[in-house]
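If you're wondering where the values come from, they're calculated on a predicted model, not measured in any experiment. Atoms within a ligand are numbered from 1 in the order they appear, just like the ligands themselves.
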Amino acid sequence: MKTKAAILWGLDQDWSVEEVELDDPKEGEVMIKLAASGLCHSDEHLRTGDIPIPFPVIGGHEGAGVIEKVGPGVTDLAVGDHVVLAFIPSCGTCRYCSSGMSNLCDLGAGIVLGPQLDGTYRFHARGEDVGQMCILGTFSPYTVVSKDSVVKIDPDIPLDRAALVGCGVATGFGSAVNTGEVKPGDVVVVMGCGGIGMNAIQGARIAGAKAIVAIDPVQGKWEKAEEFGATHACADADAAWDIVSEMTRGQLADKVIITTGVAEGSYIYEALSLCGKKGRVVVTAIGHPDETTVEMSLFELALYEKQVVGSLFGSSNPRTQIPQLLDLYRAGHLMLDELVTKTYTLEEINQGYQDMRDGKNIRGVIVYD
Ligand SMILES: [Zn+2]
Ligand SMILES: [Zn+2]
């Protein structure tokens, strides 16, 4: 069928919204009619090269919609099902899936390659095969994806809200709750108050943190951070250290979660300085593949038993975490409506990313007809 999509044809270019040809789902795949797609920072990383991916590629990996067609061999999904797309597929049978770590599923190796899991392409434009970000490509009103990327949800949840839990919400919430293991009474610092950071803040709040200190140089985000549960907000790590040191009588933070736009080696040093004994630094932000320099006090690392841990998809299992988060939304604990700063049409995608770069958006969302 013919549809349209936002394609990136090369580094540092704008998204090009144009007509594309979309194939029917093959074995184990489904076609989705998307209702909405979040504008996540990771798609901006494709443009800048911080996440290397072959071009051309259709962006977008945070979507929800309704199943339009079902390919051969798909028995647990039907036309009309409401679904959220998970940016990491879970096969259910690899070593990591079967040990309860679906976020590390072996199929994840394919998410920045372009083609579907069988190595062939579903989208075509200008006579070329076009890849799909995270094997999803939600910057299109229709897409074809693997059944392993799809999580069925209850039909009463608004799809434009559900879309957000496929990446940003699960990643931020899980960074605090799963990877950070925030406990009641913890003092938590969140570095960076974008779409991921706000969800780390609300995750820490729901987990019972005593204090949550939000760091962001954009002062306009402080009030929003407090709305999501931050007890304090400030511009940089030095200011946060003063707050945390005073509040804990020098014991410092239990958890520091790095959710900045891009991870830099220097942030690790700052984050470790904010942590007290047994303090844990969770690194959710993505650094450039060539960034290999990190400074830390090895003396403090050992003697204070500090920890630095990476976090992918908030260490969440998509099939359990996504429905759980939507239950928390329905029960009034998880704030999703407040995350959406502005909605855009697909044609307005470049403006949406400009607004993100300008620090105007917590989450911009593309809404389809
Ligand atoms: Zn994302
Ligand atoms: Zn797996």
(request) Determine, step by step, whether Ser42 and Met133 satisfy the side-chain contact (heavy atoms from CB on, under 4.5 Å) criterion, reporting the C-alpha distance in whole Å, the side-chain angles of both residues, the deciding distance to 0.1 Å, and the verdict. (result) CA-CA 9 Å; Ser42 302; Met133 169 59 162; 4.0 Å; yes

(request) Taking Thr171 for its side chain and Val169 for its backbone only, find out whether a donor-acceptor pair lies under 3.5 Å. (result) no

(message) Could you enumerate the protein N, O or S atoms under 2.8 Å from the Zn ion (ligand 1), written like residue then atom name?
(response) Cys40 SG, His61 NE2, Cys167 SG

(message) Please determine whether side-chain contact (heavy atoms from CB on, under 4.5 Å) holds for the pair Val282 and Lys255, giving the CA-CA distance in whole Å, both sets of side-chain angles, and the decisive distance to 0.1 Å.
(response) CA-CA 7 Å; Val282 175; Lys255 312 285 158 57; 5.8 Å; no

(request) Determine the sole option in Val308, Val189, Val281 for which the side chain to side chain contact (heavy atoms under 4.5 Å, CB included) test with Ile258 is passed. (result) Val281

(message) With rounding to 10 degrees, what does the angle Cys105:SG / the Zn ion (ligand 2) / Cys94:SG come to?
(response) 120°

(request) Run the salt-bridge test on Lys26 and Glu29 with the 4.0 Å N-O cut-off and return the result as yes or no. (result) no

(message) Exactly one of Thr179, Leu104, Thr284, Ile88 should register a side chain to side chain contact (heavy atoms under 4.5 Å, CB included) with Phe313. Which one does?
(response) Ile88

